[in-house]
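Being a predicted model, the structure only gives us computed values, none of them experimental.
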Amino acid sequence: QVQLVESGGELVQPGGSLRLSCVASGFTFSNSVMLWYRQAPGKEREWVGTIGADGDLANYADSVKGRFTMSRDNGKNSFDLQMNNLKPEDTAVYFCRARTPDVWGQGTQVTVSS
């Protein structure tokens, strides 16, 4: 079964850090470009970043550039998002997505609040 499962979302204070993980199964993870998206309450889903299949190329949305870092471990079929200096506007459900095949995870909630 083709599947992506996110974890790591929780309540964190402004300025804090959090690491999200996405574990893939059912497809050749090392062949797929991977992406993170997020969706805040009442807003459309927003692209956060993209990382190449080899992990060598990464692009980020301007809103997270310099604060968020993606990484992947093709040996473990895992894809992480390290989030630093979190702001209340980062509050959202975060989703990972594989491009090949096109599959989404179920999402994990991140809440940034004091």
Side-chain angles (χ1 to χ4, degrees):
Q1 181 182 2
V2 175
Q3 194 173 12
L4 295 173
V5 179
E6 302 99 330
S7 63
E10 62 182 60
L11 173 64
V12 62
Q13 292 190 345
S17 297
L18 205 56
R19 189 176 187 92
L20 306 182
S21 292
C22 172
V23 176
S25 59
F27 66 98
T28 306
F29 177 75
S30 59
N31 287 349
S32 182
V33 170
M34 296 297 296
L35 307 95
W36 282 102
Y37 287 79
R38 66 185 182 184
Q39 188 165 19
K43 295 188 177 181
E44 293 188 354
R45 194 166 294 188
E46 172 191 24
W47 170 75
V48 172
T50 303
I51 191 167
D54 294 331
D56 53 344
L57 295 175
N59 293 293
Y60 299 89
D62 287 343
S63 57
V64 306
K65 198 173 295 183
R67 299 187 298 123
F68 290 12
T69 304
M70 295 176 293
S71 61
R72 64 188 295 165
D73 185 336
N74 287 345
K76 296 181 178 180
N77 287 2
S78 67
F79 172 44
D80 291 351
L81 181 66
Q82 176 67 41
M83 305 184 294
N84 298 328
N85 190 22
L86 283 160
K87 305 175 181 180
E89 51 264 41
D90 294 319
T91 295
V93 178
Y94 284 71
F95 300 88
C96 64
R97 178 188 180 192
R99 186 165 287 171
T100 310
D102 190 0
V103 60
W104 293 76
Q106 83 290 346
T108 186
Q109 175 70 49
V110 173
T111 303
V112 185
S113 175
S114 55

Return the set of residues passing salt bridge (charged side-chain N to carboxylate O under 4.0 Å, His left out) with [X] (not counting sequence neighbours), or none when no residue passes.
X: Lys76; value: none
X: Arg97; value: Asp102
X: Asp54; value: none
X: Arg45; value: none

Honestly curious: do [X] and [Y] fall in one hydrophobic cluster under the side-chain, below-4.5 Å linking rule?
X: Leu20; Y: Val103; value: yes
X: Val48; Y: Ile51; value: yes
X: Val2; Y: Met34; value: yes
X: Leu35; Y: Val64; value: no

Mind listing the closest non-hydrogen atom pair of [X] and [Y] along with its distance?
X: Ala58; Y: Met70; value: CB-CE, 4.0 Å
X: Ala40; Y: Ala92; value: N-CB, 3.7 Å
X: Lys43; Y: Gln39; value: O-NE2, 3.1 Å

task: Give every residue pair that meets the disulfide (SG to SG under 2.5 Å) criterion with at least one member in residues 28-87, sequence neighbours excluded.
output: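 Qualifying pairs: none.
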
field: Of all pairs that satisfy disulfide (SG to SG under 2.5 Å), the ones with a partner from residues 24-114, not counting sequence neighbours
entry: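 Those involving residues 24-114 are Cys22-Cys96.
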
task: Evaluate side-chain contact (heavy atoms from CB on, under 4.5 Å) for Ser25 paired with Asn77, printing each intermediate quantity in order.
output: CA-CA 7 Å; Ser25 59; Asn77 287 2; 5.7 Å; no

With [X] via side chain to side chain donor-acceptor pair (under 3.5 Å) - residues at least two apart:
X: Arg19; answer: Ser71, Asp80, Gln82
X: Ser32; answer: none
X: Trp104; answer: none
X: Ser17; answer: Asn84

- request: Write out all pairs satisfying ring-ring contact (aromatic ring centres under 6.0 Å, His included) with one or both partners inside residues 54-102, taking only residues at least two apart or from two chains.
  value: Trp36-Phe79

So do the side chains of [X] and [Y] get within less than 4.5 Å of each other, counting heavy atoms only?
X: Val110; Y: Asp90; result: no
X: Arg67; Y: Lys87; result: yes
X: Val12; Y: Met83; result: no

message: Using the ring-ring contact (aromatic ring centres under 6.0 Å, His included) criterion, which residues pair with Phe29? Sequence neighbours excluded.
response: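 With sequence neighbours excluded, Phe29 shows a ring-ring contact (aromatic ring centres under 6.0 Å, His included) to no residue whatsoever.
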
Counting distance only, does the side-chain N/O of [X] pair as donor-acceptor with the main-chain N or O of [Y] below 3.5 Å?
X: Arg72; Y: Gly52; value: yes
X: Thr91; Y: Val112; value: yes
X: Glu6; Y: Gln106; value: yes

field: Full working for side-chain contact (heavy atoms from CB on, under 4.5 Å) between Ser63 and Glu46
entry: CA-CA 10 Å; Ser63 57; Glu46 172 191 24; 3.4 Å; yes

